[in-house]
S.K.: 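Please find one structure pasted underneath; my questions will follow.
Indexing begins at 1, ligand by ligand and atom by atom, following the structure's order.
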Amino acid sequence: MIRMCFLLSLLVSAFAMADEPVMTDFGKTKDGKAVELYTLKSDSGLVAKVMTRGATLVQIHVPDKDGKSEDVILGWDDVAGYESEDNQYFGCTTGRVCNRIANGKFSLDGKDYSLAINNEPNHLHGGVERSLDKVVWKARPYTTDSGHGVRFKYTSPDGEEGYPGTVTAQVSFFVAKDANRINITYKATTDAATPINLTNHAYFNLGGAGSETVMDHVLQLNADRYTPTDDTLIPTGEITAVAGTPLDFTKPKRIGARIEKLTDTAALGYDHNFVLNPRPDDQNYNFAAFLRHKESGRTLRIWTQEPGIQFYSGNFLEGQTGKGGKTYAHRSAICLETQHYPDSVNHKSFPTTILKPGDEYKTSTLLHFGIAKDQADN
Ligand code: GLA
């Protein structure tokens, strides 16, 4: 009997092992740091791969309506790809502050700060050399009853990329066993007041990364309003209704249907921060976005605790060569970046992005993949 129990427990642990995140070597950065890649799987076919450089989503495979799996995010097969000029923040954790800070300047507690200008005339996505997408994070895989994940940790020293405070940031990617869902949770603490606004910058094409366009995808956003910008994509401070504009995605709409009306604007297409409608009091997450690709039947629903979402239609993609030699053409992927509004540090009327010592920054976003039940056109 004892022997039977022992054998049984061996068998159970063998299965449990098979469930746990698998780590492989992803190569080295150009300054010689080893990069690890972790594979996370659900029981219904989702396979996600995340790496320690930039706490980055490298692959997400999900089945289509016929059960055929495809990688639905842009990226590269090696670290060198991610380090190249071609990388426009593919799949990374973006920060310390995602999106733009006007002229790279802000004041906090009576002190003026100047950050790198890497998107003339503004600061973009946390800076140049040591932004959170470019550093190598420490990883710790974990397993719970409901699934498994990887927790990435990085301590950014005081003054890194010009930001005040030593910030300890954590990002975990958790894949539920019973659903094709990735839960991304961000946490941070600091020893001095500092702005923080973290997001993930995955580029999705639900027809498979490398498909020609994303203009045929149907998108719905839970946003009646957006934050208009000046010609350098800095919010003016106004919050304006989307009704009657090409930004009205309150009902599902084909992305390509009205984009040409925006081609000659500063955004060059869609590149706007949408103000999510308020989260119902009894809900932990707010519905943010629904994306559907008719041909494959794949869908993506995004739920978040953030007040905004940047919808960017890949206007700067320029035909770079990515995973498996595939070409990433202009507007062939879409980013849906859950976030606080851009340049919040310079707008008192926006929800604050200032983290203070003793407080914890904590926010989650869910990426829930599925298959469309009906193929109704929009
Ligand atoms: C964000 C910005 C875009 C662009 C991309 C990266 O989505 O809003 O303007 O900078 O990142 O290329």
S.K.: With a 4.0 Å heavy-atom cut-off (strictly under), which part of Tyr270 contacts ligand 1: side chain, backbone, both or neither?
M.R.: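 For Tyr270, no heavy atom sits under 4.0 Å from ligand 1.
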S.K.: Taking side chain as C-beta onward, heavy atoms only, is Tyr341 less than 4.5 Å from Ile239?
M.R.: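 A side-chain contact under 4.5 Å exists here.
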S.K.: What atoms in ligand 1 come closer than 4.0 Å to a heavy atom of Arg100?
M.R.: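 Once the distances to Arg100 are compared, the set is 2 (C), 3 (C), 8 (O), 9 (O), 10 (O).
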S.K.: Do Thr236 and Glu238 have side-chain N/O donor and acceptor atoms under 3.5 Å apart?
M.R.: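 Checked: Thr236/Glu238 side chains pair up, N/O donor to acceptor below 3.5 Å.
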S.K.: Can you pull out the closest protein heavy atom to atom 3 (C) of ligand 1? Residue, atom name and distance to 0.1 Å, please.
M.R.: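 Result: Asp271 OD2, 3.0 Å.
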S.K.: Would you say that Arg331 contacts Leu317 through its side chain, given a criterion of any heavy-atom pair below 4.5 Å between the two side chains?
M.R.: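 No, too far: nothing below the 4.5 Å cut-off.
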S.K.: List every atom of ligand 1 that sits less than 4.0 Å from any heavy atom of Tyr203, numbering the atoms from 1 in the order shown and giving each element.
M.R.: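 Going through ligand 1 atom by atom, the ones under 4.0 Å from Tyr203 are 6 (C), 12 (O).
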S.K.: So, Tyr163 versus His123, ring centres under 6.0 angstrom or not?
M.R.: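 They qualify: ring centres under 6.0 Å apart.
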S.K.: May I ask whether Phe311 places a heavy atom under 4.0 Å from ligand 1?
M.R.: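 Outside the 4.0 Å threshold, so no.
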S.K.: Among His201, Glu337, Gln88, which one puts a heavy atom closest to atom 5 (C) of ligand 1?
M.R.: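 The residue whose heavy atom sits nearest atom 5 (C) of ligand 1 is His201.
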S.K.: State yes or no: are the ring centers of Phe249 and Tyr270 separated by less than 6.0 Å?
M.R.: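 Yes: the rings meet the under 6.0 Å criterion.
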S.K.: Tell me: protein heavy atom nearest atom 1 (C) of ligand 1, and distance?
M.R.: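 Going by distance alone, atom 1 (C) of ligand 1 is nearest to His125 NE2, 3.3 Å.
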S.K.: What part of Asn99 sits under 4.0 Å from ligand 1 if we count only heavy atoms: the side chain, the backbone, both or neither?
M.R.: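 It is the side chain that touches ligand 1; the backbone stays farther off.
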S.K.: Side chains of Leu46 and Phe369: closer than 4.5 Å at any heavy-atom pair?
M.R.: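 Yes - at least one pair of side-chain heavy atoms lies under 4.5 Å apart.
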